[in-house]
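Structure first, then comments.
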Amino acid sequence: MPPLRRRARMAPHRRPKATRPPPRPKARLRARRSQEIMRHAPVLLAGALALAGCGKAAPPTDTAASDAPAAETAAQATPAVAPTAAMGEQIFKRCAACHTIDKDGPNGIGPNLHGIVGRPVASHPGFAYSGAMKAKGGVWDAAALDIYLADPMKIVPGTRMAFAGVIDAADRQALILYLEDQSK
Ligand code: HEC
């Protein structure tokens, strides 16, 4: 009876499939989910800390970030938190194509902005300002910068600063904190 014997010999090949341990998808899913929660936990915690810090007191605009304790600064690095000079440094990248900020830095397409907060308008030596900027007058205090940087070409019609503006008020606040920091 050769056919029977052949079948018997083939059977062991199929057996391994059946002996494999049955998969336990639910357990694996649960494990993955708890891993995910662990991964997000620090973010959630940071968010909670940030909110707590926010509710405590709205810091006045003239508070330099360097005065803030390190832990608070870290919490503020998450969005929807009080602006800081560190955040402003990132915003300044939009200006850096035309402006330097370091002390005695060269004028570029725009004038060097070191010490701009508190500096009389159109007063940086060696820069050829437009007639419009020269005619503006006044001093670049935080309020004047906030108004100007929101929409430069509207606030100083005829300015040669071809820049659309920093639309977000919190971004402007952070930027001005950074400019103040760089004025020390
Ligand atoms: C495309 C180049 C360009 C960019 C980008 C730019 N600026 Fe300017 N900026 C200028 C020029 C040019 C002037 C001089 C304007 C004039 O004389 O009318 C100027 C002038 C200024 C002034 C007045 C300076 C003074 O001495 O009175 C301030 C303040 C200023 N820019 C801030 C900024 C900030 C902050 C940013 C980024 C958010 C920025 N600018 C982005 C070109 C630029």
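We count residues from 1, following the sequence as given. Remember, it's 1-based here, ligands and their atoms both numbered in the order they're listed.
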Worksheet item: Within a strict 4.5 Å, meaning less than it, do heavy atoms of the Asn112 and Asp104 side chains meet?
Response: no
Worksheet item: With a 4.5 Å heavy-atom cut-off, do Met133 and Pro111 have their side chains touching?
Response: no
Worksheet item: Who pairs with Asp146 by side-chain hydrogen bond (donor to acceptor under 3.5 Å, both in side chains), at least two apart in sequence or on another chain?
Response: Arg172
Fill in: ring pair (Phe, Tyr, Trp, His ring centres under 6.0 Å) involving Phe163 - partner list, sequence neighbours excluded
none
Fill in: Cluster overlap Trp140 with Phe127, hydrophobic side-chain contacts below 4.5 Å
yes
Expected list for residues 86-98: side-chain donor-acceptor pairs under 3.5 angstrom, two or more places apart:
from	atom 1	to	atom 2	distance (Å)
Gln90	OE1	Lys93	NZ	2.9
Arg94	NH2	Asp171	OD2	3.4

Under 3.5 Å, N/O to N/O: give me all the pairs between ligand 1 and the protein, one per line with atom names and distance.
from	atom 1	to	atom 2	distance (Å)
ligand 1	7 (N)	His99	NE2	2.7
ligand 1	9 (N)	His99	NE2	2.7
ligand 1	17 (O)	Ser130	N	2.8
ligand 1	17 (O)	Ser130	OG	3.3
ligand 1	18 (O)	Ser130	OG	2.5
ligand 1	18 (O)	Thr159	OG1	2.8
ligand 1	18 (O)	Arg160	N	2.9
ligand 1	26 (O)	Arg119	NH2	3.0
ligand 1	26 (O)	Tyr129	OH	2.5
ligand 1	27 (O)	Ala122	N	2.8
ligand 1	27 (O)	Trp140	NE1	2.7
ligand 1	31 (N)	His99	NE2	2.9
ligand 1	40 (N)	His99	NE2	2.8

